[in-house]
Amino acid sequence: MKAAYRADDIEVLSGLDPVRRRPGMFTDTARPNHLAHEVIDNSVDEALAGMCKRIDVTLHEDGSMAVEDDGRGMPVDIHEETGLSGVELILTRLHAGAKFSRGQYRYSGGLHGVGVSVVNALSSRLKARVRRDGREWRMEFAGGETQQALEAAGSAAKNNTGTWLRFWPDPKYFSKASFHVPSLKRVLRAKALLCPGLKVSLTLEAESWHKEWQYEDGLGQYLGERMGEAERLPDQPLRFSQLDEEERALDCVVQWSADGAKRVEESYVNLVPTPRHGTHVNGLRSGLTEGLREFCEFHKLLPRDVKIAPGDVWEGVNFVLSMKLAEPQFSGQMKESLASRDCAAFAADAVKSAMALWLNQHSDVGERIARQAITAAQRRIRAARKVTRRAPTGGPALPGKLADCASAVPDECEIFLVEGDSAGGSARQARHREYQAVLPLRGKILNTWEVDSADLASSQEVHDISVALGVEAGDADLRALRYHKVCILADADSDGRHIATLICALFARHFPELVRQGHVHVVMPPLYRLDIGKETHYALTEGERDAILRRAAGRKAAVTRFKGLGEMSARQLRETGMAPDTRRLLRLEMDGSDDAFGVLDMLLSKKRAADRRAWLEDKGDLAAG
């Protein structure tokens with residue numbers, strides 16, 4: 001007998017319960033280093049605001065960590081709307097903070113408002129001390145719950161202000177409860193390098209080890225130390241700096257390794273590491289490419305039939321890029337990648353002009369850099385002549401709906417599988433014809449999860465995909481693959497996600513080698529457009545939309561919901577879905593385990609309807625947007 005499903009069965013998670021229930025949605029649960037980053041970044045935000053001169057981090061013998069700064073100290077007065085002190089509000093409520101507007105922080109890495117409260121939720125204990133207004137205040141928590149209310153614990157000098165937090169990561173939430181010290185050292189050193197004048201220290205109590213870092217201008221020195229003894233071009237790193245009227249700031253150092261090896265690829269936004277880079281690094285790559293192309297054309301350095309591609313310039317590039325933005329948009333709570341689309345154009349313009357100027361002022365070194373890129377381009381072209389993208393021979397003709405690209409190099413070619421003829425028309429106008437092809441699909445394709453590969457030809461859409469790609473279902477040999485990047489482009493609404501899921505299932509079940517070799521990607525188009533003054537923002541979900549509106553509090557905002565890709569202009573679709581510098585692209589990855597295929601089987605098998613319903617009832621509260 002099926003259990004009754006009533007309103008009382010619906011759980012409403014409050015406070016920090018969502019974090020404790022699903023910690024992996026809020027932090028990296030391998031080790032607690034990300035918790036350390038959240039606390040440290042709060043202190044760094046004070047430094048960016050000009051209110052903090054030093055940050056001291058102590059790793060205690062009992063596995064706890066303490067972070068102390070000499071900033072303004074967390075507010076201790078009562079928040080009128082909630083009736084809670086500022087300290088308790090910051091440490092016990094998600095989406096609470098002073099960083100959603102520009103009133104207190106010009107730049108900040110913590111714009112999601114969940115950071116330090118996540119630390120409290122996932123710690124067995126947390127102690128807080130605040131010095132401000134001539135007094136010292138204390139408060140304690142256990143498992144995220146208040147154990148000792150905020151109280152004044154003594155006096156402090158008027159000019160002695162700051163915050164001290166000590167937390168004990170709860171082992172039950174982490175695969176390994178100890179901090180990874182080498183990465184912690186690198187992060188702290190980077191904070192000092194990226195924030196001139198800030199003094200940062202680390203003390204390892206168990207080893208009686210102490211180290212301080214402070215730099216007045218350290219990007220070039222840092223890159224030089226990381227490059228080691230390798231031969232480099234130029235001898236001293238190129239330096240790019242730019243500040244515009246919107247208070248976007250770029251600071252970057254770049255050097256090429258003479259041997260083409262990459263040794264340093266580090267990017268930061270408001271001093272927060274972005275290991276997966278994002279639009280700021282895309283802009284850097286574009287700027288370097290355009291600047292070098294301009295130099296080569298002016299000095300007539302390019303051999304006949306050789307065109308420098310971004311990958312040729314990027315080969316051997318070593319860089320440290322620091323970007324400061326008033327309202328950065330990150331991909332995910334862990335802020336591993338920057339998603340602010342306008343940042344790519346800003347970085348590209350700043351770097352291109354400075355790069356071209358420097359090359360012309362140092363033409364001898366510029367020619368050496370150009371020759372290295374030209375050599376890489378010639379090597380790429382020779383390889384392309386051996387493996388070219390070609391039309392099928394001795395088999396079906398290419399689908400008539402396919403808008404093919406001009407390039408014959410599979411490694412640089414992309415094909416977009418687009419939902420519907422209307423969206424296909426927009427995509428054809430938005431694409432880069434040199435290397436982007438478009439294949440419109442009609443509606444929802446066949447659910448192929450339980451279809452034998454031999455029967456796939458019954459679906460015209462699946463047949464067209466196979467012919468366009470140049471490979472058949474089950475092929476392990478991908479030498480005939482005509483495009484090395486397959487991009488699924490569907491509407492951002494639930495119907496579009498359903499179609500994208502069906503196409504993903506097709507590749508996972510019948511073209512597994514494409515997935516294993518990383519050729520299949522899903523484009524994440526926006527659901528909303530927000531016009532705020534002269535600024536245009538895009539949001540993938542309702543949550544992102546609301547976060548942007550919170551940051552724009554007090555400013556007039558016009559919100560448009562896209563009903564589909566066909567509604568977008570070619571420019572909008574190019575910017576949000578197709579341009580490599582500004583699109584959001586997720587690679588389809590499957591490890592081939594029973595668990596991975598089990599989830600797809602549960603979602604798509606006709607015989608698993610009961611399992612599917614149970615799964616939705618259990619997981620439905622996690623759906624975003």
Side-chain angles (χ1 to χ4, degrees), residues 12-20 26 35 38-52 67-123 125-156 158 160-167 270 326-327 333 543 546-555 557:
V12 179
L13 301 181
S14 60
L16 299 178
D17 286 342
V19 183
R20 289 187 284 261
F26 297 87
L35 299 189
E38 293 289 359
V39 181
I40 293 165
D41 285 344
N42 274 7
S43 296
V44 170
D45 287 341
E46 282 287 285
L48 287 174
M51 302 296 177
C52 171
V67 180
E68 183 173 14
D69 65 51
D70 62 352
R72 290 169 291 185
M74 286 191 288
V76 295
D77 54 314
I78 300 301
H79 185 261
E80 184 176 344
E81 184 179 336
T82 63
L84 301 176
S85 68
V87 175
E88 185 170 0
L89 190 61
I90 290 169
L91 290 170
T92 63
R93 295 290 180 90
L94 300 176
H95 310 295
K99 301 168 187 175
F100 295 114
S101 67
R102 302 188 190 184
Q104 293 296 324
Y105 294 94
R106 180 183 178 190
Y107 302 117
S108 169
L111 285 173
H112 295 267
V114 298
V116 77
S117 58
V118 170
V119 177
N120 193 16
L122 303 181
S123 297
R125 297 169 62 199
L126 184 144
K127 293 183 178 182
R129 296 178 190 168
V130 176
R131 302 182 308 279
R132 62 180 293 158
D133 304 325
R135 307 180 78 177
E136 179 172 302
W137 303 79
R138 297 184 180 182
M139 191 170 190
E140 295 187 13
F141 301 84
E145 303 296 332
T146 302
Q147 294 297 298
Q148 178 184 311
L150 183 68
E151 63 177 9
S155 60
K158 280 285 185 181
N160 181 13
T161 61
T163 300
W164 174 90
L165 284 180
R166 183 175 178 180
F167 62 99
N270 297 352
E327 296 180 353
Q333 164 59 18
D546 295 342
I548 295 170
L549 290 174
R550 281 198 299 269
R551 294 197 296 271
R555 301 163 68 193

### Task
List the steps and the verdict of side chain to side chain contact (heavy atoms under 4.5 Å, CB included) for Ser117 and Leu91.
CA-CA 4 Å; Ser117 58; Leu91 290 170; 5.9 Å; no
### Message
Please report the interatomic distance OG(Ser85) to NE2(His79), rounded to the nearest 0.5 Å.
### Response
11.0 Å
### Query
Would you say the side-chain atoms of Thr161 pair up with the backbone N or O of Gly71, donor to acceptor, closer than 3.5 Å?
yes
## Note on the structure
One should read off an interatomic distance between Asn42 CG and Thr163 OG1, to the nearest 0.5 angstrom, of 8.5 Å
#### Entry: Sub-4.5 Å side-chain heavy-atom contact between Leu89 and Pro75
no
### Query
So how far is it from Leu150 CG to Asp77 CG, rounded to the nearest 0.5 Å?
10.0 Å
### Message
I need the minimum non-hydrogen distance between Trp137 and Ala152, along with the two atoms involved.
### Response
CE3-N, 3.6 Å
### Query
Can you tell if the side chain of Arg138 reaches within under 4.5 Å of the side chain of Lys127, non-hydrogen atoms only?
no
### Message
Rounded to the nearest 0.5 Å, what separates atom CD in Glu145 from atom CG in Leu126?
### Response
12.5 Å
### Message
Minimum heavy-atom separation for Asn270 and Leu48, please, with both atom names.
### Response
O-CD1, 3.7 Å
#### Entry: Side-chain heavy-atom pair Val118, Glu38 within 4.5 angstrom cut-off
no
### Query
When rounded to the nearest 0.5 angstrom, what is the spacing between CD1 in Ile40 and CG in Leu165?
11.0 Å
### Query
What is the minimum heavy-atom distance between Asp69 and Ser43, and which atoms define it?
OD2-OG, 2.7 Å
### Query
Would a 4.5 Å heavy-atom cut-off, applied to side chains only, mark Asp70 and Cys52 as touching?
yes
### Query
Counting distance only, does the side-chain N/O of Thr146 pair as donor-acceptor with the main-chain N or O of Ala149 below 3.5 Å?
no
### Message
Rounded to the nearest 0.5 Å, what separates atom CD in Glu140 from atom CZ in Arg129?
### Response
8.5 Å
### Query
Considering all heavy atoms of both residues, which atom of Ala49 and which atom of Arg72 are nearest to each other, and what is their separation?
CB-NH2, 4.4 Å
### Task
Evaluate the side-chain proximity of Val116 to Met74: yes if any heavy-atom separation is below 4.5 Å, no if none is.
no
